[in-house]
Amino acid sequence: MSVYPSGLDVSSSTLCFLAARLRAHRRRLGTRWRRLSTGRQALLALAHLRNGHPYAQLAAGFGIGTTTAYRYITEAVDVLAALAPALTEAVQAASAKAFVLLDGTLLPIDRIAADRPFYSGKHKKHGVNVQVVADPFGRLLWASPALPGAVHDVRAAREHGVIDALAGAGIVCWADKGYQGAGGTVRVPYRGRWETLSAGQQAVNRSHAKNRALVEQAVATLKSWRLLHKLRCSTTRITSPVQAVLSLHLASSG
């Protein structure tokens with residue numbers, strides 16, 4: 001396989017952050033020698049997450065075997081995923097905000113038609129449901145573990161305990177019509193065709209749409225990591241790269 005030099009649109013501070021975490025991880029394991037240094041392993045993992053390149057291509061570029069590349073990337077992703085904040089930590093951080101934004105997104109996966117639990121009727125494709133919590137400026141605060149794409153947003157939010165956690169902390173949350181009936185502190189727009197709504201209801205819905213529009217920035221932040229454009233790993237492994245991306249984002253924006 002031919003190889004060529006390429007750039008990676010990730011900051012040097014992000015690379016240093018992951019390399020430092022990997023060094024600490026190796027010290028805990030008592031590792032004495034590896035084919036790649038922690039800096040090169042960090043670069044390998046970031047190239048996989050950011051560009052979504054398959055293991056074979058990355059292995060050729062870094063001069064290692066495909067199995068070694070898979071093992072190094074999986075290790076780095078797991079190290080990052082372990083650093084991701086739990087929901088309780090995210091809610092504590094959000095308690096200082098005027099409100100938060102809640103939305104669900106579908107991350108496409110490589111599945112066959114028989115995998116019905118992962119088929120989203122709304123999006124007409126296979127994928128996993130990930131819930132996203134953002135601050136009023138659209139900055140990503142938390143991303144949930146992955147659930148099958150057939151799970152509706154309000155059910156997913158309940159299963160993860162998002163609604164109860166926000167209500168317990170008294171944090172107002174703006175969400176779309178997919179969260180109708182959520183209760184707690186979740187605010188959703190009025191249902192119905194626009195022309196059937198009263199002037200007051202239309203004004204509320206306009207204000208609501210303006211407030212929650214910035215949640216799309218948080219979703220875009222997550223999907224700027226191209227591995228998440230279409231995941232080809234086992235569905236049991238999808239949560240790890242999502243949490244890894246969350247950790248990297250929070251580390252770079254903190």
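Values below: all heavy atoms of this structure, side chains included; hydrogens, waters and symmetry mates excluded.
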Check your understanding: More than 12 heavy atoms of other residues, nucleotides or ligands under 6.0 Å from CD of Gln180: is that the case?
Key -> yes
**Study point:** Joint hydrophobic cluster, Val186 plus Phe99, side-chain heavy atoms closer than 4.5 Å
**Key:** no
**Study point:** Aromatic ring proximity His126/Tyr119, centre distance under 6.0 Å
**Key:** yes
Point to revise | Verdict with supporting geometry, Leu166 and Val100, side chain to side chain contact (heavy atoms under 4.5 Å, CB included) | key: CA-CA 9 Å; Leu166 294 175; Val100 297; 4.0 Å; yes
Exercise for review: Walk me through it: do Leu18 and Leu80 pass the test side chain to side chain contact (heavy atoms under 4.5 Å, CB included)?
Suggested key: CA-CA 8 Å; Leu18 178 52; Leu80 286 171; 3.6 Å; yes
Practice item. Would you confirm whether Thr196, through its side chain, and Arg193, through its main-chain N or O, come within 3.5 Å as a donor-acceptor pair? Key: yes
Practice item. Could you label the plane-to-plane angle of the His48 and Tyr55 rings as parallel, tilted or perpendicular, counting under 30° as parallel and over 60° as perpendicular? Key: parallel
**Study point:** Pairwise distance OG1(Thr235) to CG(Leu147) - rounded to 0.5 angstrom
**Key:** 11.5 Å
Practice item. Would you please test Phe62 and Thr68 for side chain to side chain contact (heavy atoms under 4.5 Å, CB included) and show each step? Key: CA-CA 10 Å; Phe62 281 80; Thr68 302; over 6 Å; no
Exercise for review: Begin with the C-alpha distance, continue with both residues' side-chain angles, and end with the deciding distance and a verdict on side chain to side chain contact (heavy atoms under 4.5 Å, CB included) for Leu231 and Leu228.
Suggested key: CA-CA 6 Å; Leu231 290 146; Leu228 303 184; 3.9 Å; yes
Point to revise | Which atom of Ala19 lies closest to which atom of Ala42, heavy atoms considered | key: N-CB, 3.8 Å
Review point. Tell me, do Pro241 and Leu49 make a side-chain contact under 4.5 Å, heavy atoms counted?
Key: yes
Point to revise | Close side-chain approach of Leu250 and Pro85, heavy atoms under 4.5 Å | key: yes
Point to revise | same_hphob_cluster(Leu222, Val128) at 4.5 Å side-chain heavy-atom cutoff | key: yes
Check your understanding: Of the non-hydrogen atoms in Ala90 and Leu141, which two are nearest, and what is the gap between them?
Key -> CB-O, 4.1 Å
Check your understanding: Shared ILVMFWY cluster between Leu15 and Tyr72, side chains joined below 4.5 angstrom?
Key -> yes
Exercise for review: State which residue, out of Arg21, Arg26, Arg34, fulfils the salt bridge (Lys or Arg N to Asp or Glu O under 4.0 Å) condition with Glu75.
Suggested key: Arg34
Exercise for review: Tell me whether Leu101 is reachable from Val162 by hopping between hydrophobic residues (I, L, V, M, F, W, Y) whose side-chain heavy atoms are closer than 4.5 Å.
Suggested key: no
**Study point:** Side chains of Phe17 and Leu22 in contact at under 4.5 Å (non-hydrogen atoms)
**Key:** no
Revision key, fill the gap. Between the CD atom in Gln131 and the CG atom in Leu102, the distance rounded to the nearest 0.5 Å is 5.5 Å
**Study point:** Thr105 vs Lys223, side chain to side chain donor-acceptor pair (under 3.5 Å): CA-CA, chis, key distance, verdict
**Key:** CA-CA 10 Å; Thr105 187; Lys223 292 186 175 181; 2.9 Å; yes
Review point. Does a sphere of radius 6.0 Å around NE2 in His152 hold more than 12 heavy atoms from other residues, nucleotides or ligands, not counting ones at 6.0 Å or beyond?
Key: no
Point to revise | Nearest-0.5 Å distance that lies between atom CG in Leu227 and atom NE2 in His53 | key: 11.0 Å
Check your understanding: Shortest non-hydrogen contact from Ile238 to Ala146?
Key -> CG2-CB, 3.8 Å
Check your understanding: Nearest heavy-atom pair of Gly181 and Arg158: which atoms, and what distance?
Key -> O-NH2, 2.6 Å
Check your understanding: Any idea which heavy atoms bring Asp103 and Glu216 closest together, and the distance?
Key -> OD2-OE2, 3.5 Å
Check your understanding: Are any of the side-chain heavy atoms of Leu106 and Phe118 separated by less than 4.5 Å?
Key -> no
Check your understanding: Quick one: does NZ or CZ of Arg187 land under 6.0 Å from the six-membered ring centre of Trp174, within 45 degrees of the ring axis?
Key -> no
Practice item. Would you check if Arg237 and Thr74 make a side-chain contact, meaning some heavy-atom pair closer than 4.5 Å? Key: yes
**Study point:** Ser247 side-chain N/O to Gln243 backbone N/O, donor-acceptor pair under 3.5 Å
**Key:** yes
**Study point:** Minimum side-chain heavy-atom gap Trp33-Thr31 below 4.5 Å
**Key:** no
Study note, to complete from the structure: For Val242 and Ala143, the nearest pair of non-hydrogen atoms, with its separation, is CG1-CB, 4.0 Å
Review point. Is Leu36 reachable from Val10 through a run of hydrophobic residues whose side-chain heavy atoms are each under 4.5 Å from the next?
Key: yes
Review point. His208 side chain to Ala175 main-chain N or O, any donor-acceptor pair under 3.5 Å?
Key: yes
**Study point:** Within-4.5 Å side-chain heavy-atom neighbours: Ile171 and Lys97
**Key:** no
Check your understanding: From Arg40 CZ over to Ile64 CD1, what is the distance, rounded to the nearest 0.5 angstrom?
Key -> 9.0 Å
Practice item. Take Asp9 and Arg226, measure what salt bridge (charged side-chain N to carboxylate O under 4.0 Å, His left out) needs, and give me the verdict at the end. Key: CA-CA 11 Å; Asp9 58 341; Arg226 287 178 280 279; 3.7 Å; yes
Exercise for review: Give a yes or no on whether Tyr70 atom OH has more than 12 heavy-atom contacts from other residues, nucleotides or ligands under 6.0 Å away.
Suggested key: no
Check your understanding: Taking atom CG of Leu246 and atom OG1 of Thr221, what is their separation to the nearest 0.5 Å?
Key -> 10.5 Å
Check your understanding: Does the side chain of Arg50 come within less than 4.5 Å of Ser224's, by heavy atoms?
Key -> yes
Check your understanding: Could you give the distance from OG (Ser144) to CG (Asn129), rounded to the nearest 0.5 Å?
Key -> 6.5 Å
